[in-house]
Trainee: 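The following block contains the structure, expressed as structure tokens.
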Number of protein chains: 2
Amino acid sequence: MNTRKKEILQAVTEDYVSTAEPVGSRTISRKYLTELSPATIRNEMADLEYEGYLEQPHTSAGRVPSEKGYRFYVDTLMRDKPLTQEEMGKVLQEYSKRRGEIQALSRAAAKILAELANCAAVVISPGVQCGSIKHIQMAAISNDDIMMIVITSTGALEHRLIRLRNSLSQNDLDVVSAILNRHLRGLSFADLTRQLIRAVKAELSAYSELASQALEILTSSGICPSEESVHTDGIANFLEQPEFKQIERARPVLRLLESQSHLLNLMSGYRTGITVRIGSENTLEELRDCSIISASYGHAGKVMGTIGVVGPTRMDYSKAISLVRFMAEGISELLERASFER
Amino acid sequence: MNTRKKEILQAVTEDYVSTAEPVGSRTISRKYLTELSPATIRNEMADLEYEGYLEQPHTSAGRVPSEKGYRFYVDTLMRDKPLTQEEMGKVLQEYSKRRGEIQALSRAAAKILAELANCAAVVISPGVQCGSIKHIQMAAISNDDIMMIVITSTGALEHRLIRLRNSLSQNDLDVVSAILNRHLRGLSFADLTRQLIRAVKAELSAYSELASQALEILTSSGICPSEESVHTDGIANFLEQPEFKQIERARPVLRLLESQSHLLNLMSGYRTGITVRIGSENTLEELRDCSIISASYGHAGKVMGTIGVVGPTRMDYSKAISLVRFMAEGISELLERASFER
DNA sequence: TTTTGGCACTCTAGACCATAGAGTGCTAAA
DNA sequence: TTTAGCACTCTATGGTCTAGAGTGCCAAAA
């Protein structure tokens, strides 16, 4: 793959990304590589097709990057496309407005990312399991319903209803809350050893029914990434893309984007840094014609959430990557600052 | 409008709703009114068209109900289509599983409604402003960030970040929380008179910075229906409808369904009972080809939230109305029970 | 050896046309 | 009042043709 081929592949990719029309040798010669004739470019393009970087929708159409072509473009050819001042300002303003309210912030982040990338955006916000415990509170809702609230250092907040056979007064609940806070404040959920739990339970023996339920929630599956931490936006942007003119193509993707549980699986579990999955690199059949750019965020080496965009494979990778990276770093920073400030 | 015309209008409507094809006199004669010949039916249909109940997409097509036709059908002709045992079971099971967690419940309700009605579903869940105050809690997040949490009788929970210049210990915060609870527990937000607020402020004079911010939030716009209480589901169902085959028709509706703030405006502020808005009865241009069935829920004469479906005007009104009514009543009951149990 | 102009070839999109089928409205007869 | 019959209208479908875009290949030019 010589320099000229690279230039041609780059030109084809960038032109196709912006016009959504297969690009022919003539276009390349006129718009990008004026020093070469169409014929020369045709020869090179034939090679590029033979090598699998380009494809032809049909004989007399121009060329289109293949998945391999996009992959090469992303890995080698793409130039950085930094955010404009305006875009950065918009993001940062939104971030500072919702500092400390991670749910609202994630929602806003999805919205703004969808808008700037003109794609669908997905944000998985950090659940309580990511931070350390800041406060636990029991509140009486009715005679036998208690609401337990857990707040963590990341500003995440989880509430669970506990139903009791024997009702407790708010005074009792305050006592329980105080004891729980005395033992558990400042700890992360990984720190909740069996020993510790046993000790707390012992001290709360007067309220054993409540205590056992509460501690069960804190240690078990009660505290785990939930569907409520999945935020999606920009679904309508999807339908703007010409590749989804025929609605049948869009439907399976939209079904996926509506399914919080699938998105949770799809987007979590990545290490920090940008992940780009192009077309069938996504194992899901529905995403055969889509690409996903995602980045995890967090701090102290801990992945706490994910932010990403979903769009057609014909996507402005450079822009999307810059955006996702910038926005992920912004959230990481907020989380980090929150954890130093305590 | 004689009986026979009504029968014909009903037949046309129900056939069109289920097939999405304009229906001709022959079909009516064969499938619905076998004792009449197509010619007779043609005459009646011509009348119905003249009177504005039916429309013809073009000369040699069958007839389709006009908005006026749908309206007449809904008001007069429609027969009740009760839910199946299975459907009721599904709804009630979901409800009982999330009893007391109004956000999760609303989310689940939207999902199940969308599924059963095969339309888009929207649920506005009751914000804290609807219930009476159950508990107020301040929790220290960092040196100068306090999180204030308000829980109400409906199980709604609101949290707001308060930033202070002078940091307070969790002990201080517990004191403040206790005082706030002593004064405000059991009251609704309408009960927060200026007098009362002044009294509370006086007692909290030692913490005036925090107190004034907290009380400001409680009394002002801080506590109002927020975008986080809007839950949408079933957007993908929309695209199944043949009227949205051409994506341009669907796009504006999807944009609307993605805009929490617009939905909030659109769906709130109705009295209890079912509201049916057909086509251009919706003032919004985007909904020209859609119908909305919605019902408010709540108890003690107070509207607390709304649940509804959005679909094409060619909608199974009877089914949708039964579903929405049943689901709204279910939520109302849960809220009512919660308020007696206290 | 590389580049380029020229040319024949291929394929699609769009225009145009013809036809089948569905449905109507009208008229006259039952 | 109802109905059979018939002429008429309109759409959807499929076929055919053409213009246009783009290619591949060859032979000449650099």
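So you know, we letter chains A, B, ... as the sequences are listed, proteins then strands, and number each from 1. None of these values were measured; they are calculated from a predicted model.
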Trainee: What is the distance, rounded to the nearest whole Å, between atom CD of B/Glu35 and atom P of D/dT1?
Mentor: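 After rounding, the gap between these two atoms is 17 Å.
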Trainee: Roughly how many Å is it from CD1 in B/Ile41 to P in C/dT24, rounded to a whole number?
Mentor: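 Going from CD1 in B/Ile41 over to P in C/dT24 covers 10 Å.
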Trainee: Would the base of D/dG24 count as contacting A/Arg42 through its side chain, where contact means a donor and an acceptor less than 3.5 Å apart?
Mentor: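 Indeed there is one.
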Trainee: So that I can tick it off, tell me whether A/Lys90 and A/Glu115 are bridged by a salt bridge, with the cut-off set at under 4.0 angstrom between side-chain N and carboxylate O.
Mentor: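 Salt bridge between A/Glu115 and A/Lys90, a charged N being under 4.0 Å from a carboxylate O: yes.
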Trainee: Does any residue of residues 43-66 of chain A have a heavy atom under 4.0 Å from DNA chain C, and if so, which ones, in number order?
Mentor: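 Within residues 43-66 of chain A, the residues near DNA chain C are A/Asn43, A/His58, A/Thr59, A/Ser60.
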Trainee: Any carboxylate oxygen within less than 4.0 angstrom of a Lys/Arg side-chain nitrogen, looking at B/Arg255 and A/Glu240?
Mentor: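 The answer is yes: the pair qualifies as a salt bridge.
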Trainee: Quick one about B/Tyr73 and B/Glu14 (side-chain donor to acceptor, distance below 3.5 Å, no hydrogens or angles considered), yes or no?
Mentor: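 B/Tyr73 and B/Glu14 do have a side-chain donor-acceptor pair below 3.5 Å.
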Trainee: Send over the distance from A/Arg26 CZ to C/dC7 C1', rounded to a whole Å.
Mentor: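 Result: 14 Å.
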Trainee: Determine whether the side chains of B/Thr313 and B/Glu67 contain a donor N or O and an acceptor N or O closer than 3.5 Å.
Mentor: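 The answer is no; no qualifying pair exists.
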Trainee: Below 4.0 angstrom from OP1 or OP2 of D/dT1, is there any side-chain N or O of B/Arg4?
Mentor: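 Answer no for this pair, as no side-chain N or O of B/Arg4 is under 4.0 Å from OP1 or OP2.
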Trainee: In whole Å, what is the span from the CD1 atom of B/Ile28 to the P atom of C/dA22?
Mentor: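 Whole-Å distance recorded here is 16 Å.
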Trainee: Would you say that A/Glu281 contacts A/Arg71 through its side chain, given a criterion of any heavy-atom pair below 4.5 Å between the two side chains?
Mentor: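 Heavy-atom side-chain distance check passes, below 4.5 Å.
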Trainee: Answer yes if the side chains of B/Tyr53 and B/Ser66 hold a donor-acceptor pair under 3.5 Å, and no otherwise.
Mentor: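 On atom types as modelled, these side chains do not qualify, holding no pair under 3.5 Å.
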